[in-house]
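Below: one structure, written as structure tokens.
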Amino acid sequence: MAYETENTLQKRIARVRAAINLTEGDRVPFAPKVNLVYAQAGGISGYEALMDFRNMKEGVEKFLSRYESDLFWAPADYPINVMEPLGTTAIHWPGATWGIDLNKSFQICDATYMEEDEYDELIKNPAHFFMTKVWPRRHKKLKGLSKLSFNNVVEFGHYASMAAFADPEVHEALLTLMAAGDQSAKWLEAQGVLNETALSMQCPLGCILGVGAPYDMLADNLRGYLTLPMDLYEIPDKVKAAIDVMTDFAMQGVDQVKAAGLDYVFMPLHGGTDDFMSNETYLEFYLPSLRKVVEHELELGLTPYIFFEGKYHTRLEILRDEFPKGILGMFEQIDIAKAKQVLKDHMCICGNISGAKLAYGKPEEIVEDTKRMLDACAPGGGFVMDCSIVMDHYSEANFDAWYETTMKYGGYH
């Protein structure tokens with residue numbers, strides 16, 4: 001597929017930047033969120049992709065050649081070759097370990113890794129708590145870390161605390177960390193190969209690194225999405241103090257994105273949906289810390305690339321009134337025309353073409369949905385064509401229809 005619109009790296013960067021600045025570029029940017037789609041495009045299984053990201057290089061080349069995306073969506077996958085040595089239980093992946101089909105993706109397991117009576121310990125010494133409590137609970141082969149203490153600074157006690165390193169389970173944990181560290185370095189190197197592949201094809205880097213909303217970081221890593229909502233009512237002050245800890249971690253993560261020389265900070269929001277909490281709870285527990293992180297990103301010259309997962313029907317006015325400008329906001333389940341109407345002078349939005357339809361629908365459905373979305377959201381700029389979820393599977397016929405319709409009807413000049 002070839003179109004007259006110029007697609008050099010700088011042209012694509014300018015096209016997306018115009019949308020983020022709420023202006024019209026030469027056309028609506030096309031930037032689908034894809035993940036194991038690269039594996040499908042390259043003819044390999046999800047297992048092969050997650051074992052070594054370099055296996056997706058051919059798929060990245062084929063996908064970006066067929067659909068000239070205006071931003072590269074890096075695979076947001078967890079590496080099997082790191083999780084296997086750790087004995088990770090918090091995530092399940094394709095293959096024999098968890099009995100998941102080789103062509104499927106990973107599964108994140110909601111669980112509790114911090115008890116209610118441990119909030120104070122987390123708040124007092126977060127790093128120590130994660131090292132000696134959370135890591136052993138999330139990874140079976142790190143259980144020996146629970147026997148270590150890094151708090152004893154009394155002279156004799158300091159030396160006595162070294163005796164724990166003689167324990168066989170501590171030995172196993174240390175060897176496990178070394179093995180996982182070697183594999184983690186290879187994983188990061190492989191991601192770099194995919195990034196360079198995209199750049200060589202004149203595709204700007206989009207979401208490569210990211211951070212979570214502080215509330216979600218507390219739910220994802222410690223309390224779980226079933227338990228944390230109860231804490232909001234039973235121990236609200238402790239929750240707020242723990243969210244402050246997570247906010248500090250998130251800010252450090254933003255600094256790392258800046259140091260890496262990237263332009264976008266990906267922020268997937270899990271727990272702030274209409275289904276999970278009221279607007280009152282959102283304003284008290286979710287928004288303040290999230291806004292603090294977003295403002296830090298903007299101060300550093302970064303673009304917050306926020307995925308408003310789930311339903312955000314009641315939140316649009318809050319996003320308009322409580323968030324700063326300069327955000328690229330992606331929406332999963334929402335009336336996108338209403339989102340455009342409410343946010344048109346404040347936030348660039350990404351279209352939410354149904355991921356289910358893109359994978360299993362009919363091309364004519366995709367064409368009509370794309371036209372409707374362009375009619376509602378393209379005028380005036382501030383819009384990027386996108387799908388509703390991160391895609392692990394796709395229909396080439398449907399993606400062809402989506403891409404071609406966007407190219408045909410998405411021009412501004």
Side-chain angles (χ1 to χ4, degrees), residues 1-7 11-34 37 63-64 66-73 203-204 206 303 305-308 312-313 316 319-320 327-391 394-413:
M1 303 174 190
Y3 293 87
E4 294 182 2
T5 303
E6 185 182 6
N7 271 325
K11 187 72 172 181
R12 292 180 183 182
I13 291 173
R15 184 178 297 135
V16 176
R17 186 53 51 188
I20 294 171
N21 291 338
L22 309 179
T23 61
E24 295 182 354
D26 61 332
R27 65 162 169 81
V28 170
F30 181 79
K33 299 187 295 292
V34 296
V37 157
F63 185 85
L64 294 181
R66 192 177 186 93
Y67 312 107
E68 296 185 340
S69 179
D70 291 305
L71 282 178
F72 176 58
W73 183 272
C203 185
T303 297
Y305 202 131
I306 305 179
F307 185 13
F308 297 100
Y312 257 76
H313 303 301
L316 292 177
L319 299 184
R320 179 194 63 199
I327 293 169
L328 180 55
M330 306 180 292
F331 293 91
E332 180 182 0
Q333 299 178 46
I334 204 167
D335 180 345
I336 198 70
K338 181 181 179 182
K340 172 69 174 183
Q341 181 181 10
V342 173
L343 298 171
K344 63 181 179 180
D345 297 322
H346 194 76
M347 181 186 297
C348 176
I349 62 175
C350 283
N352 58 349
I353 292 288
S354 168
K357 283 187 179 181
L358 285 169
Y360 306 110
K362 299 178 180 179
E364 53 267 29
E365 293 179 306
I366 301 301
V367 169
E368 291 306 311
D369 288 351
T370 304
K371 288 180 179 179
R372 281 196 295 269
M373 191 163 289
L374 288 170
D375 288 342
C377 300
F383 176 68
V384 175
M385 184 60 72
D386 193 8
C387 40
S388 63
I389 59 172
V390 181
M391 303 286 294
Y394 76 118
S395 158
E396 278 194 355
N398 290 345
F399 260 63
D400 288 352
W402 184 30
Y403 177 69
E404 291 169 1
T405 304
T406 302
M407 296 302 109
K408 184 175 181 179
Y409 297 103
Y412 286 119
H413 308 295

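Between I336 and M373, the shortest heavy-atom contact is CG2-CE, 3.9 Å. A31 and D386 get closest at one heavy-atom pair: O-OD1, 3.1 Å. Here the closest heavy-atom approach between residue R66 and residue D400 is recorded as NH2-OD2, 2.8 Å. Taking all atoms of both residues into account, the shortest heavy-atom contact from A401 to P363 is CB-O, 3.8 Å. Y412 and G381 make their closest contact through OH-CA, 3.5 Å (heavy atoms, listed as atom of the first residue, atom of the second, distance).
Qualifying ring-ring contact (aromatic ring centres under 6.0 Å, His included) partners for F30, counting only residues two or more places apart in sequence or in other chains: W402, Y403. Applying the side chain to side chain donor-acceptor pair (under 3.5 Å) criterion to D70, with sequence neighbours excluded, gives R15, R27. In this structure R320 satisfies the side chain to side chain donor-acceptor pair (under 3.5 Å) test with no other residue, sequence neighbours excluded. For K340, there are no side chain to side chain donor-acceptor pair (under 3.5 Å) partners, not counting sequence neighbours. With sequence neighbours left out, the side chain to side chain donor-acceptor pair (under 3.5 Å) criterion links T303 to R17.
F63 places a side-chain heavy atom less than 4.5 Å from the side chain of P32. In this structure, the side chains of E68 and R12 come closer than 4.5 Å at one or more pairs of heavy atoms. For the pair K11/D26, a side-chain contact is recorded, criterion being any heavy-atom separation below 4.5 Å from C-beta on. V384 is listed as a side-chain neighbour of C348, based on a closest heavy-atom distance under 4.5 Å. Residues T370 and Y409 fail the side-chain proximity criterion, which asks for heavy atoms closer than 4.5 Å.
Here the CE atom belonging to M330 is positioned 12.0 Å from the CD1 atom belonging to I389, to the nearest 0.5 angstrom. The distance from atom CD1 of I349 to atom CD1 of I306, rounded to the nearest 0.5 Å, is 13.5 Å. Taken from CG in L316 to NZ in K338, the straight-line distance is 6.0 Å, to the nearest 0.5 Å.
Using the six-membered ring where Trp is involved, F308 and F331 have ring planes that are parallel, under 30° apart on the 30 and 60° scheme.
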Return a table of donor-acceptor pairs under 3.5 angstrom between the side chains of residues 350-362 and protein atoms on other chains or two or more places apart.
{"unit_1": "N352", "atom_1": "ND2", "unit_2": "E332", "atom_2": "O", "d": "3.3"}
{"unit_1": "N352", "atom_1": "ND2", "unit_2": "I334", "atom_2": "O", "d": "3.1"}
{"unit_1": "S354", "atom_1": "OG", "unit_2": "A356", "atom_2": "N", "d": "3.3"}
{"unit_1": "S354", "atom_1": "OG", "unit_2": "K357", "atom_2": "N", "d": "3.1"}
{"unit_1": "K357", "atom_1": "NZ", "unit_2": "D369", "atom_2": "OD2", "d": "2.9"}

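Put simply, the residue from L328, I20, I327 that forms a side-chain contact (heavy atoms from CB on, under 4.5 Å) with Y305 is L328.
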Before you tell me yes or no, could you show the steps for L374 and M385 under side chain to side chain contact (heavy atoms under 4.5 Å, CB included), namely the whole-Å CA-CA distance, both residues' side-chain angles and the distance that decides it to 0.1 Å? CA-CA 8 Å; L374 288 170; M385 184 60 72; 3.7 Å; yes
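The environment of CD in E365 is crowded: more than 12 heavy-atom neighbours from other residues, nucleotides or ligands sit within 6.0 Å.
Checking side-chain atoms of K33 against main-chain N and O of C387 turns up a donor-acceptor pair under 3.5 Å.
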